[in-house]
Amino acid sequence: MNWGWKIAILYSGFVVMTLGMVFYFMGHKVDLVAEDYYKQEIAYQDQIDKMSNSQAMLQPLGIDLDRQTLSAIIRFPTEHASAGIQGSVQLYRPANSDEDKSFDILIDSTGVQSVLLTGFSKGLWKIKVMWNSGGKDYYSEKVVTL
């Protein structure tokens, strides 16, 4: 076999390998942080303002994991609970966006919300709490491992 055939086989092998990798990687699902990532990035200053509002509170938001009842306990500051709270709690799963969950904030008379986590996959979760109280927006988050 002369050198011309060897070069042709080498190039053909490279093309086949490249196409194989392209088709292999095109078949994999890619979980993005959010589908509208660029839109959220443009409005990130609002997110920074919400986090600053949360850090400036006298009594911070409490997010704890109760392993006995397997639930997330979210304690809102008393001044916010008495003024009324609207917002949502998002449970974000970095490993699989199909498992993300969102709940409306429904606090009890003591300003506490409990989110039952039974049936959730074991692993890393991020609890994101976004709420409005007294005309101000707030945001807090905590990473937990189930």
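Owing to the predicted nature of the structure, the values given are computational and were not obtained by experimental measurement.
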Q | side-chain contact (heavy atoms from CB on, under 4.5 Å) evaluation trace for Leu70 with Leu116 | A | CA-CA 6 Å; Leu70 197 60; Leu116 197 59; 5.6 Å; no
For [X], enumerate each residue passing the side-chain contact (heavy atoms from CB on, under 4.5 Å) test, keeping only those at least two apart in sequence or located in another chain.
X      : result
Gln45  : Ile48, Asp49
Ser114 : Ser71, Ile73
Trp5   : Met1, Asn2
Ser12  : none

Membership question, hydrophobic clusters at under 4.5 Å side-chain separation (ILVMFWY): are [Y] and [X] in the same one?
X     : Y      : answer
Leu91 : Ile107 : yes
Tyr92 : Trp131 : no
Met51 : Ile85  : no

Q: Among residues two or more places apart or on two chains, list those pairs meeting salt bridge (charged side-chain N to carboxylate O under 4.0 Å, His left out) that have a residue in residues 17-27.
A: none
Taking transitive links into account, so neighbours of neighbours count too, which hydrophobic residues share a cluster with [X] at under 4.5 Å side-chain distance?
X     : result
Ile7  : Trp3, Tyr11
Leu19 : Val15, Phe23
Val22 : Met26

Does any part of the side chain of [Y], heavy atoms only, come nearer than 4.5 Å to the side chain of [X], both counted from C-beta?
X      : Y      : result
Gln59  : Thr78  : yes
Met130 : Gln90  : yes
Lys126 : Lys128 : yes

Q. Asp108 side chain to Val112 main-chain N or O, any donor-acceptor pair under 3.5 Å?
A. yes
Q) Between the side chain of Arg93 and the main-chain N/O of Asp98, is any donor-acceptor distance below 3.5 Å? A) no
Exercise answer: donor-acceptor pairs, residues 138-146 side-chain atoms, under 3.5 Å, sequence neighbours excluded:
unit_1: Tyr139; atom_1: OH; unit_2: Glu141; atom_2: OE1; d: 2.2
unit_1: Lys142; atom_1: NZ; unit_2: Ile63; atom_2: O; d: 3.0

Q) If you measure from CZ on Arg67 to CG on Leu117, what distance do you get to the nearest 0.5 Å? A) 10.0 Å
Q) Atom OG in Ser52, atom CE in Met57: separation rounded to 0.5 Å? A) 11.5 Å
(Q) Once ring-ring contact (aromatic ring centres under 6.0 Å, His included) is applied, do any residues pair with Tyr24, and if so which ones, sequence neighbours excluded? (A) His28
Q: Could you list the residues that satisfy ring-ring contact (aromatic ring centres under 6.0 Å, His included) with Phe120, not counting sequence neighbours?
A: Trp125
Q) For Asn132, which residues count as a side chain to side chain donor-acceptor pair (under 3.5 Å) partner, sequence neighbours excluded? A) Asp137
**Q.** Electrostatic pair Arg75-Asp64, nearest N-O below 4.0 angstrom
**A.** yes
Q: Return the minimal non-hydrogen interatomic distance between Ile127 and Ala72, and the atom names on each side.
A: CD1-CB, 3.8 Å
